[in-house]
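What you are looking at is a predicted structure, and each value in this text was computed from that prediction instead of being measured. Labels below follow one simple rule: chain letters A, B, ... track the order of the sequence lines, proteins then strands, and each chain is numbered from 1.
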Amino acid sequence: MNDEQLHAMRHSLAHITATAVKQLWLHAKFGVGPVVENGFYYDIDIGETKISESDFKKIEKEMRRVVNQDQPFEHSTKQIDDAITWANESDQPYKAELLNDLKRSGTTVAKDLDAGEMGTIADGDSALEEVGFYTNGEFTDLCRGPHVESTGNVGAFKLMRVAGAYWRGNEKNPQMQRLYGVAFATQDELDTYLERLEQAKQRDHRKLGKELDLYTTSQLVGAGLPLFTPRGTVLRDIMAQYSNQLRQQRGFSKVWTPHITKQDLYEASGHWAKFGDELFLVTSQETNDKMALKPMNCPHHTQIYASQPRSYRDMPVRYLETTTDYRDEKTGELGGLNRVRSLTQDDSHVFARPDQIEQEIDGLLASARELYATLDMKLRVRLSYRDDSDAYLGEKSLWESAQAQLKTAVEKNQLDYFEQDGEAAFYGPKIDFMATDAIGREHQVATVQLDFVQPERFKLQYTDDEGSFQTPVMIHCALLGSIERFLSVFIEHTGGWFPLWAAPEQVRILTINDTVLDYVEEIEVVLRDTLLMQPVKYNELRFTRDDRNESLGKKIREATGMKIPVQLIVGPKDKEVREVSVRTQGGEEKVSLDTLSEYLKNV
RNA sequence: GCCGCUUUAGCUCAGUUGGUUAGAGCAACUGUUUUGUAAACAGUAGGUCCACGGUUCGAAUCCGUGAAGCGGCUCCA
């Protein structure tokens, strides 16, 4: 089955789902029912009635009845005005809305429509003459097609879940129920897919976070506020160290800023107007100053830049700060480490002359590439542009030039990219690096952003070679993004088998009996003196010993369960010939104590 | 925030139509065992069944409110 056929099949299943729902709930009103990755969905509004997953059995049963009847999909057309009459008479207000948009603009795609007109009744001339319909059995739907010939030709399917979804993606609109299904040409392929989904759940960072003792949460502390254990903290620190190191090599200096600030700072930056309701507010009992926990760091960094006069000779000025920010995210948006209320950014800001933008962005892109190449992670690059809404500050011509500069930079660096409107920050366009989690969801990690707005708003300056004041450009960059989110994808990417340099516990010595304890002491001296220099410098070896009164089998089982990359097995035979048995994922080999340190540096 | 679902021991999970004192494995603790490649043996202890209300002679179980988590939607500086 080719992609086109698979697409037609999945789309036909969306219609079959609607057919079944209409059969079970006569007054169901329908939104749209498109194909998505691995399946399809249909948006449905049954008024007060809410479908739950316990209804899937009867819906699927009804769907199978429709499939078994092998109803042909019949295409027909209606004049646009007749179609609108049909929608109104069939009590399908959502379809009527779509038809009115079609009549007026020839499209139902929200971003191509005038926002004020969207969903209103279209008067006057039509943008198109007629629209297509498909009918199977008693169910007729506005639809472009294509479909399979008849309902009997739809392969294997399964309803997966039901979710709320705002009509046309706008939270001011009514919320419909979105019924998700997956579908494949054969039962085998469906089973394989479901099995793969189960396997992916084994890599879920929330499961591994608990199993590997990386972080925990507490109802007393609150939602979205993860607590990192000793092991998780090693991971955080080592990743931050690497990220910092990559930029310190390129001339960035560490700075430090406080975690609370007066609101005035964000009023000046423009953040208050846009994100005011997502700030954690603090009031000084002393002065009654309205303060906030910092949700980001760029405004603070501007104040360090502004603290002294800058010459064109000083530029660029590069600041780096890995620090925790606080955002009062809506409860429903929180999830694992991916979206939290306390997020640690490996944040940096370059204040540059316009002629330095290119080299600075090149340097940051090189750092991002180096980091993710070391981690063996392949990321998609998204150029995030503005759209025509009024959500953005600054002059449009500056935006256009900034967007063009970012595009040139990714092309020059030969990054595969895609462009997306409406994804920019309010102050400028972004180059976003997108990582994929265990079940295929994409998350932004690294980002490089060009900003002409904040330097202007904070009246930042430098003196040029003719003695006149100029406004610098800001380049925002985080390589990991938020450390919490980064760890969520990194844990899922590695399945918890971290590279040796990053593993919280790198080496565990497993004893066979207590006749070797003196030899273990000697091994520990060697491990204590072993220093890894790649990719993070001065990375002292993290090791433990397991000399409990337990069987070797049990010790191996536990160490492997904790995904400790190097296990050193030490028994009387090893002691006798001054070797250790080194057990890694690759297998096991004997290494002499004299060469152990070198060996570990090259694992 | 919105829609649907979930919450039982440190962890993973049983627990029938509402019916005595809520169970198991692992982990923990005690004892025995000194062990060569993924779980030694025995015993002991461990619970406000997420919280608070309600229905009932009786609630882990039914209802309400809240919290926390999961899948989406919206949002993401």
Is A:Phe275 stacked on the base of B:A77, with ring centres under 5.5 Å apart and planes under 30° apart?
-> yes
Need one value for [X]: base, sugar-phosphate or nothing, where a base atom within 4.0 Å counts as base even if backbone is also close, heavy atoms only.
{"X": "A:Asp574", "answer": "base"}
{"X": "A:Gly336", "answer": "sugar-phosphate"}
{"X": "A:Ala163", "answer": "base"}
{"X": "A:Thr515", "answer": "nothing"}
{"X": "A:Leu510", "answer": "nothing"}

Distance between P atoms of B:U44 and B:C26 (Å, rounded) | 14 Å
Taking atom C1' in both B:G10 and B:U65, compute the distance separating them and give it to the nearest angstrom.
-> 30 Å
Side-chain donor-acceptor pair under 3.5 Å between A:Thr302 and A:Gln454, yes or no?
-> no
Verify the distance criterion only: is there a donor paired with an acceptor across the side chains of A:Tyr599 and A:Glu589 at less than 3.5 Å?
-> yes
Do A:Lys590 and A:Asp574 sit within salt-bridge range, that is, some charged N less than 4.0 Å from a carboxylate O?
-> yes
From B:U12, B:C3, B:C70, pick the nucleotide closest to the side chain of A:Arg206?
-> B:C70
Side chain of A:Glu333 (C-beta onward), nearest among B:A77, B:U37, B:C73 = B:C73
Between [N] and [X], is there an OP1 or OP2 to side-chain N/O distance shorter than 4.0 Å?
{"X": "A:Lys430", "N": "B:A77", "value": "yes"}
{"X": "A:Lys554", "N": "B:A27", "value": "yes"}
{"X": "A:Arg441", "N": "B:G72", "value": "yes"}
{"X": "A:Lys274", "N": "B:C76", "value": "yes"}

Do A:Arg178 and A:Tyr41 meet the cation-pi criteria used here (NZ or CZ under 6.0 Å from the six-membered ring centre, within 45° of the axis)?
-> yes
